[in-house]
2 protein chains.
Amino acid sequence: MTHRRHPRSRSRRLVRPGHWHVHARVERFVEPSLLLLLRERPLHGYELLERLPELGLEGRVDIGNLYRLLRSLEDEGLVSSEWNAELPGPAKRTYELTAQGRRLLDRWAEALRRAQDTIGNFLDRYEEGR
Amino acid sequence: MTHRRHPRSRSRRLVRPGHWHVHARVERFVEPSLLLLLRERPLHGYELLERLPELGLEGRVDIGNLYRLLRSLEDEGLVSSEWNAELPGPAKRTYELTAQGRRLLDRWAEALRRAQDTIGNFLDRYEEGR
DNA sequence: ACCAGTATAGGTAAAAAACATATGTCAGTC
DNA sequence: GACTGACATATGTTTTTTACCTATACTGGT
(Lines give C-alpha, C1' and ligand atoms only; values in the text may rest on other atoms or scores of the structure.)
Protein backbone atom coordinates (compact mmCIF):
# COMPACT_ATOMS: atom_id res chain seq x y z
CA MET A 1 0.00 0.00 0.00
CA THR A 2 0.98 3.65 -0.22
CA HIS A 3 0.02 5.39 2.97
CA ARG A 4 2.48 8.24 2.68
CA ARG A 5 2.98 10.51 5.61
CA HIS A 6 3.09 13.67 3.54
CA PRO A 7 1.55 13.11 0.13
CA ARG A 8 2.71 15.60 -2.47
CA SER A 9 -0.76 16.24 -3.73
CA ARG A 10 -1.62 18.18 -6.84
CA SER A 11 -4.82 19.58 -5.41
CA ARG A 12 -3.35 20.54 -2.06
CA ARG A 13 -0.03 21.92 -0.86
CA LEU A 14 1.13 23.08 2.56
CA VAL A 15 2.71 26.50 2.11
CA ARG A 16 3.58 27.17 5.74
CA PRO A 17 2.25 25.59 8.94
CA GLY A 18 -1.54 25.75 8.82
CA HIS A 19 -1.60 27.51 5.45
CA TRP A 20 -2.70 25.54 2.42
CA HIS A 21 -2.97 26.08 -1.29
CA VAL A 22 -6.02 24.19 -2.44
CA HIS A 23 -7.15 23.71 -6.02
CA ALA A 24 -10.60 22.33 -6.69
CA ARG A 25 -10.48 21.20 -10.26
CA VAL A 26 -12.84 19.32 -12.47
CA GLU A 27 -11.55 15.97 -13.69
CA ARG A 28 -10.58 15.99 -17.37
CA PHE A 29 -11.78 19.55 -17.78
CA VAL A 30 -9.44 20.06 -20.75
CA GLU A 31 -11.63 17.81 -22.85
CA PRO A 32 -14.87 19.82 -22.71
CA SER A 33 -12.79 22.98 -23.03
CA LEU A 34 -11.29 21.79 -26.30
CA LEU A 35 -14.70 20.79 -27.62
CA LEU A 36 -16.14 24.20 -26.72
CA LEU A 37 -13.32 26.11 -28.37
CA LEU A 38 -13.58 23.95 -31.48
CA ARG A 39 -17.33 24.50 -31.69
CA GLU A 40 -16.63 28.19 -32.17
CA ARG A 41 -14.19 27.60 -35.03
CA PRO A 42 -11.53 25.14 -36.23
CA LEU A 43 -8.17 25.59 -34.55
CA HIS A 44 -4.86 23.82 -34.35
CA GLY A 45 -3.24 22.44 -31.21
CA TYR A 46 -1.04 25.35 -30.37
CA GLU A 47 -3.87 27.84 -30.77
CA LEU A 48 -6.01 25.72 -28.46
CA LEU A 49 -3.21 25.78 -25.90
CA GLU A 50 -3.15 29.58 -26.06
CA ARG A 51 -6.91 29.86 -25.67
CA LEU A 52 -7.43 27.38 -22.83
CA PRO A 53 -6.55 29.94 -20.13
CA GLU A 54 -9.71 31.86 -21.14
CA LEU A 55 -11.67 28.95 -19.73
CA GLY A 56 -9.87 28.91 -16.40
CA LEU A 57 -7.10 26.43 -17.20
CA GLU A 58 -4.29 28.74 -16.20
CA GLY A 59 -0.76 27.52 -16.64
CA ARG A 60 -1.68 23.94 -16.07
CA VAL A 61 -2.31 22.36 -19.44
CA ASP A 62 0.39 19.95 -20.44
CA ILE A 63 1.26 20.40 -24.07
CA GLY A 64 2.24 16.77 -24.57
CA ASN A 65 -1.01 15.53 -23.13
CA LEU A 66 -2.94 18.10 -25.15
CA TYR A 67 -1.73 16.66 -28.45
CA ARG A 68 -2.31 13.12 -27.23
CA LEU A 69 -5.84 14.02 -26.20
CA LEU A 70 -6.55 15.61 -29.57
CA ARG A 71 -5.44 12.49 -31.36
CA SER A 72 -7.50 10.22 -29.14
CA LEU A 73 -10.53 12.45 -29.67
CA GLU A 74 -9.95 12.04 -33.37
CA ASP A 75 -9.72 8.25 -33.01
CA GLU A 76 -13.10 8.35 -31.34
CA GLY A 77 -14.58 10.45 -34.11
CA LEU A 78 -15.20 13.47 -31.91
CA VAL A 79 -12.97 15.78 -33.87
CA SER A 80 -11.42 15.56 -37.34
CA SER A 81 -8.15 17.04 -38.51
CA GLU A 82 -5.95 17.73 -41.45
CA TRP A 83 -2.57 19.23 -42.11
CA ASN A 84 -2.84 22.84 -43.00
CA ALA A 85 -0.29 23.71 -45.70
CA GLU A 86 -1.56 27.21 -46.50
CA LEU A 87 -0.62 28.96 -43.24
CA PRO A 88 2.98 30.13 -42.86
CA GLY A 89 5.33 28.75 -40.21
CA PRO A 90 5.69 25.14 -39.08
CA ALA A 91 3.17 22.59 -40.30
CA LYS A 92 -0.09 22.87 -38.41
CA ARG A 93 -2.77 20.26 -37.94
CA THR A 94 -6.14 21.94 -37.83
CA TYR A 95 -8.92 20.31 -35.85
CA GLU A 96 -12.64 20.76 -36.19
CA LEU A 97 -15.58 19.44 -34.21
CA THR A 98 -17.68 16.61 -35.62
CA ALA A 99 -21.40 16.10 -35.01
CA GLN A 100 -20.49 13.41 -32.46
CA GLY A 101 -18.11 15.77 -30.74
CA ARG A 102 -20.84 18.35 -30.56
CA ARG A 103 -23.14 15.83 -28.87
CA LEU A 104 -20.40 14.96 -26.39
CA LEU A 105 -20.00 18.65 -25.60
CA ASP A 106 -23.73 18.81 -24.84
CA ARG A 107 -23.28 15.92 -22.41
CA TRP A 108 -20.39 17.66 -20.75
CA ALA A 109 -22.50 20.79 -20.32
CA GLU A 110 -25.20 18.77 -18.56
CA ALA A 111 -22.62 17.07 -16.37
CA LEU A 112 -21.05 20.41 -15.49
CA ARG A 113 -24.43 21.79 -14.48
CA ARG A 114 -24.82 18.84 -12.11
CA ALA A 115 -21.32 19.47 -10.75
CA GLN A 116 -22.27 23.09 -10.11
CA ASP A 117 -25.29 21.94 -8.12
CA THR A 118 -23.15 19.55 -6.10
CA ILE A 119 -20.67 22.29 -5.27
CA GLY A 120 -23.49 24.70 -4.50
CA ASN A 121 -25.00 22.20 -2.11
CA PHE A 122 -21.64 21.70 -0.43
CA LEU A 123 -21.10 25.44 -0.01
CA ASP A 124 -24.59 25.99 1.40
CA ARG A 125 -23.97 23.34 3.99
CA TYR A 126 -20.56 24.84 4.67
CA GLU A 127 -22.03 28.31 5.25
CA GLU A 128 -24.76 26.96 7.54
CA GLY A 129 -22.27 25.73 10.06
CA ARG A 130 -19.97 28.75 10.25
CA MET B 1 3.22 6.11 -24.86
CA THR B 2 -0.38 5.18 -24.26
CA HIS B 3 -2.52 6.53 -27.01
CA ARG B 4 -5.39 4.13 -26.60
CA ARG B 5 -8.04 3.96 -29.25
CA HIS B 6 -10.91 3.65 -26.83
CA PRO B 7 -9.89 4.80 -23.38
CA ARG B 8 -11.93 3.25 -20.62
CA SER B 9 -12.40 6.56 -18.91
CA ARG B 10 -13.90 7.14 -15.53
CA SER B 11 -15.45 10.43 -16.48
CA ARG B 12 -16.80 9.33 -19.84
CA ARG B 13 -18.36 6.16 -21.21
CA LEU B 14 -19.94 5.41 -24.59
CA VAL B 15 -23.30 3.80 -23.94
CA ARG B 16 -24.42 3.37 -27.53
CA PRO B 17 -23.21 5.08 -30.71
CA GLY B 18 -23.29 8.83 -30.13
CA HIS B 19 -24.66 8.48 -26.61
CA TRP B 20 -22.31 9.23 -23.72
CA HIS B 21 -22.37 9.06 -19.97
CA VAL B 22 -20.33 11.96 -18.72
CA HIS B 23 -19.42 12.68 -15.13
CA ALA B 24 -17.91 16.04 -14.25
CA ARG B 25 -16.35 15.53 -10.87
CA VAL B 26 -14.15 17.58 -8.64
CA GLU B 27 -10.73 16.10 -7.96
CA ARG B 28 -10.36 14.75 -4.43
CA PHE B 29 -13.83 15.91 -3.50
CA VAL B 30 -14.03 13.22 -0.81
CA GLU B 31 -11.54 15.11 1.28
CA PRO B 32 -13.48 18.36 1.77
CA SER B 33 -16.62 16.26 2.20
CA LEU B 34 -15.10 14.38 5.10
CA LEU B 35 -13.88 17.60 6.70
CA LEU B 36 -17.33 19.16 6.37
CA LEU B 37 -19.10 16.16 7.89
CA LEU B 38 -16.60 16.03 10.74
CA ARG B 39 -17.04 19.73 11.45
CA GLU B 40 -20.67 19.01 12.27
CA ARG B 41 -19.81 16.21 14.72
CA PRO B 42 -17.27 13.41 15.29
CA LEU B 43 -17.99 10.31 13.29
CA HIS B 44 -16.33 7.02 12.50
CA GLY B 45 -15.35 5.79 9.04
CA TYR B 46 -18.38 3.71 8.30
CA GLU B 47 -20.74 6.51 9.32
CA LEU B 48 -18.85 8.89 7.05
CA LEU B 49 -19.26 6.44 4.20
CA GLU B 50 -23.01 6.37 4.80
CA ARG B 51 -23.26 10.16 4.89
CA LEU B 52 -21.11 11.00 1.88
CA PRO B 53 -23.98 10.48 -0.59
CA GLU B 54 -25.72 13.50 1.02
CA LEU B 55 -22.95 15.62 -0.49
CA GLY B 56 -23.35 14.21 -3.97
CA LEU B 57 -20.84 11.36 -3.80
CA GLU B 58 -23.32 8.71 -4.86
CA GLY B 59 -22.12 5.14 -4.98
CA ARG B 60 -18.62 6.15 -5.88
CA VAL B 61 -16.63 6.33 -2.69
CA ASP B 62 -14.17 3.51 -2.32
CA ILE B 63 -14.21 2.22 1.21
CA GLY B 64 -10.57 1.17 1.11
CA ASN B 65 -9.43 4.59 -0.04
CA LEU B 66 -11.72 6.22 2.51
CA TYR B 67 -9.94 4.59 5.46
CA ARG B 68 -6.55 5.32 3.91
CA LEU B 69 -7.51 8.95 3.43
CA LEU B 70 -8.69 9.24 7.03
CA ARG B 71 -5.38 7.91 8.30
CA SER B 72 -3.36 10.22 6.09
CA LEU B 73 -5.46 13.17 7.24
CA GLU B 74 -4.63 12.14 10.77
CA ASP B 75 -0.91 11.94 9.95
CA GLU B 76 -1.13 15.50 8.72
CA GLY B 77 -2.87 16.65 11.88
CA LEU B 78 -6.11 17.54 10.13
CA VAL B 79 -8.24 15.08 12.07
CA SER B 80 -7.65 13.14 15.28
CA SER B 81 -9.04 9.75 16.20
CA GLU B 82 -9.44 7.21 18.93
CA TRP B 83 -10.92 3.78 19.33
CA ASN B 84 -14.40 3.97 20.67
CA ALA B 85 -14.99 1.14 23.14
CA GLU B 86 -18.34 2.33 24.48
CA LEU B 87 -20.46 1.76 21.40
CA PRO B 88 -21.74 -1.77 20.79
CA GLY B 89 -20.73 -3.79 17.76
CA PRO B 90 -17.34 -4.03 16.11
CA ALA B 91 -14.59 -1.68 17.27
CA LYS B 92 -15.01 1.78 15.80
CA ARG B 93 -12.42 4.48 15.36
CA THR B 94 -14.03 7.86 15.86
CA TYR B 95 -12.58 10.86 14.04
CA GLU B 96 -12.90 14.49 14.88
CA LEU B 97 -11.76 17.66 13.15
CA THR B 98 -8.74 19.56 14.47
CA ALA B 99 -8.23 23.33 14.24
CA GLN B 100 -5.87 22.72 11.31
CA GLY B 101 -8.47 20.57 9.60
CA ARG B 102 -11.00 23.33 10.05
CA ARG B 103 -8.65 25.79 8.36
CA LEU B 104 -8.11 23.38 5.49
CA LEU B 105 -11.88 23.10 5.09
CA ASP B 106 -12.05 26.89 4.79
CA ARG B 107 -9.47 26.72 2.03
CA TRP B 108 -11.44 24.05 0.25
CA ALA B 109 -14.56 26.23 0.42
CA GLU B 110 -12.70 29.11 -1.24
CA ALA B 111 -11.31 26.79 -3.90
CA LEU B 112 -14.76 25.36 -4.56
CA ARG B 113 -16.18 28.84 -5.00
CA ARG B 114 -13.52 29.49 -7.64
CA ALA B 115 -14.36 26.18 -9.31
CA GLN B 116 -18.01 27.22 -9.41
CA ASP B 117 -17.03 30.43 -11.18
CA THR B 118 -14.93 28.51 -13.69
CA ILE B 119 -17.80 26.17 -14.47
CA GLY B 120 -20.24 29.09 -14.61
CA ASN B 121 -17.99 30.84 -17.10
CA PHE B 122 -17.76 27.69 -19.20
CA LEU B 123 -21.52 27.23 -19.23
CA ASP B 124 -22.18 30.86 -20.15
CA ARG B 125 -19.86 30.54 -23.11
CA TYR B 126 -21.50 27.24 -23.99
CA GLU B 127 -25.00 28.78 -23.97
CA GLU B 128 -23.87 31.76 -26.06
CA GLY B 129 -23.00 29.56 -28.99
CA ARG B 130 -26.07 27.35 -29.08
C1' DA C 1 25.12 31.36 -37.55
C1' DC C 2 22.39 31.63 -33.64
C1' DC C 3 18.31 32.23 -30.93
C1' DA C 4 13.54 32.58 -29.53
C1' DG C 5 8.92 31.53 -30.66
C1' DT C 6 5.87 28.41 -33.07
C1' DA C 7 4.31 23.66 -33.75
C1' DT C 8 3.89 18.66 -33.02
C1' DA C 9 5.09 14.59 -30.63
C1' DG C 10 6.83 10.63 -27.54
C1' DG C 11 8.58 8.61 -22.98
C1' DT C 12 8.12 8.13 -18.19
C1' DA C 13 6.80 9.16 -13.35
C1' DA C 14 3.61 10.43 -9.95
C1' DA C 15 -0.96 11.17 -8.18
C1' DA C 16 -5.75 9.85 -7.93
C1' DA C 17 -9.26 6.61 -8.30
C1' DA C 18 -11.05 1.96 -8.95
C1' DC C 19 -11.08 -2.77 -8.09
C1' DA C 20 -10.23 -6.80 -5.18
C1' DT C 21 -9.52 -9.19 -1.02
C1' DA C 22 -8.84 -10.10 4.12
C1' DT C 23 -10.24 -10.01 8.97
C1' DG C 24 -13.19 -9.71 12.88
C1' DT C 25 -17.76 -8.38 15.50
C1' DC C 26 -22.35 -9.11 16.33
C1' DA C 27 -27.51 -10.02 15.74
C1' DG C 28 -30.84 -12.77 13.92
C1' DT C 29 -32.42 -17.29 12.15
C1' DC C 30 -32.75 -21.98 10.45
C1' DG D 1 -24.86 -24.27 17.08
C1' DA D 2 -23.75 -23.32 12.33
C1' DC D 3 -24.86 -19.93 9.00
C1' DT D 4 -25.83 -15.53 7.05
C1' DG D 5 -25.72 -10.69 6.43
C1' DA D 6 -24.80 -6.07 8.05
C1' DC D 7 -21.24 -3.52 10.41
C1' DA D 8 -16.38 -2.03 10.72
C1' DT D 9 -11.55 -1.53 9.53
C1' DA D 10 -7.82 -2.46 6.68
C1' DT D 11 -4.26 -3.85 2.87
C1' DG D 12 -2.80 -5.06 -2.00
C1' DT D 13 -2.97 -4.20 -6.83
C1' DT D 14 -4.32 -2.14 -11.20
C1' DT D 15 -6.07 1.46 -14.11
C1' DT D 16 -6.76 6.19 -15.22
C1' DT D 17 -5.35 10.82 -15.12
C1' DT D 18 -2.06 14.31 -14.75
C1' DA D 19 2.70 16.10 -14.48
C1' DC D 20 7.32 16.34 -15.96
C1' DC D 21 10.91 15.85 -19.38
C1' DT D 22 12.90 15.35 -23.86
C1' DA D 23 13.13 15.39 -29.08
C1' DT D 24 12.31 17.29 -33.65
C1' DA D 25 11.61 20.79 -37.09
C1' DC D 26 10.26 25.26 -39.27
C1' DT D 27 10.62 30.30 -39.33
C1' DG D 28 11.87 35.30 -38.45
C1' DG D 29 14.88 38.45 -36.45
C1' DT D 30 19.70 39.93 -34.95
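This structure is a prediction, so every number in the text was calculated from the model and none was measured. Sequence lines set the chain letters: A, B, ... in the order given, protein chains first and strands last, and positions in each chain run from 1. Side chains are part of it too, since the values below use all heavy atoms of this structure and drop only hydrogens, waters and symmetry mates.
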key: First encountered from the 5' end of DNA chain D, between B:Glu47 and B:Asn65   = B:Glu47
task = Could you check B:Thr94 against A:Val26 and say which one's nearest nucleotide on DNA chain D is further toward the 5' end?
result = B:Thr94
request  = Would you mind telling me which residue lines up with the more 5' stretch of DNA chain C, B:Val30 or A:Asp62, judged by nearest nucleotide?
outcome  = A:Asp62
ask   = With respect to the side chain of B:Glu50, which nucleotide from C:dA17, D:dC7, D:dT18 is positioned closest?
value = D:dC7
note = Rounded to whole Å, CZ of A:Arg25 lies from C1' of C:dA16 at a distance of 11 Å
request  = Side chain of A:Arg28 only, please: which of D:dT18, D:dC20, D:dT9 is the nearest?
outcome  = D:dT18
key: Audit row: B:Phe122, A:Val26, side chain to side chain contact (heavy atoms under 4.5 Å, CB included) steps and yes/no   = CA-CA 12 Å; B:Phe122 181 101; A:Val26 176; over 6 Å; no
request  = Could you state the atom-to-atom distance from CZ of A:Arg12 to C1' of C:dA15 in whole Å?
outcome  = 13 Å
query = Which part of the nucleic acid, if any, lies within contact of B:Leu49, taking any heavy atom under 4.0 Å across all strands shown: a base, the sugar-phosphate backbone alone, or nothing?
reply = nothing
task = Begin with the C-alpha distance, continue with both residues' side-chain angles, and end with the deciding distance and a verdict on side chain to side chain contact (heavy atoms under 4.5 Å, CB included) for A:Val22 and A:Ser11.
result = CA-CA 6 Å; A:Val22 182; A:Ser11 49; 5.8 Å; no
remark   = Between the CG atom in B:Leu69 and the CZ atom in B:Arg28, the distance rounded to the nearest 0.5 Å is 6.5 Å
ask   = Centre of A:Trp20's six-membered ring, under 6.0 Å away, within 45 degrees of the axis: is that where NZ or CZ of A:Arg13 sits?
value = no
ask   = For DNA chain C, whose closest nucleotide is more 5', that of A:Glu27 or that of A:Trp83?
value = A:Trp83
message = Quick check on C:dA16: is either OP1 or OP2 less than 4.0 Å from any side-chain nitrogen or oxygen of A:Ser11?
response = yes
request  = To the nearest Å, give me how far apart CG (A:Leu69) and C1' (D:dT17) are.
outcome  = 11 Å
query = Separation of A:Leu43 atom CG from C:dT6 atom P, in whole Å?
reply = 15 Å
remark   = Separation of C:dA9 atom C1' from A:Tyr67 atom OH, nearest Å, is 8 Å
query = Looking at C:dA18, C:dA16, C:dA7, which one has an atom nearest to any side-chain atom of A:His44?
reply = C:dA7
task = Could you check B:Leu43 against B:Arg51 for side chain to side chain contact (heavy atoms under 4.5 Å, CB included), going step by step and ending with a plain yes or no?
result = CA-CA 10 Å; B:Leu43 294 162; B:Arg51 283 171 194 277; 3.9 Å; yes
query = How many Å lie between CD on B:Glu31 and P on C:dA15, as a whole number?
reply = 15 Å
task = Choose from C:dT6, D:dA8, D:dC20 the nucleotide whose nearest atom is closest to any side-chain atom of B:Tyr46.
result = D:dA8
task = Write down the distance between CG (A:Leu66) and P (C:dG11), rounded to a whole number of angstrom.
result = 18 Å
request  = Specify the separation, in whole Å, of atom CD1 of A:Ile63 and atom P of D:dA23.
outcome  = 17 Å
request  = Would you mind classifying the nucleic acid contact of B:Gly64 as base, sugar-phosphate or nothing, using non-hydrogen atoms under 4.0 angstrom?
outcome  = base
B:Arg71 side-chain proximity, nearest of D:dA10, C:dA16, C:dA9 = D:dA10
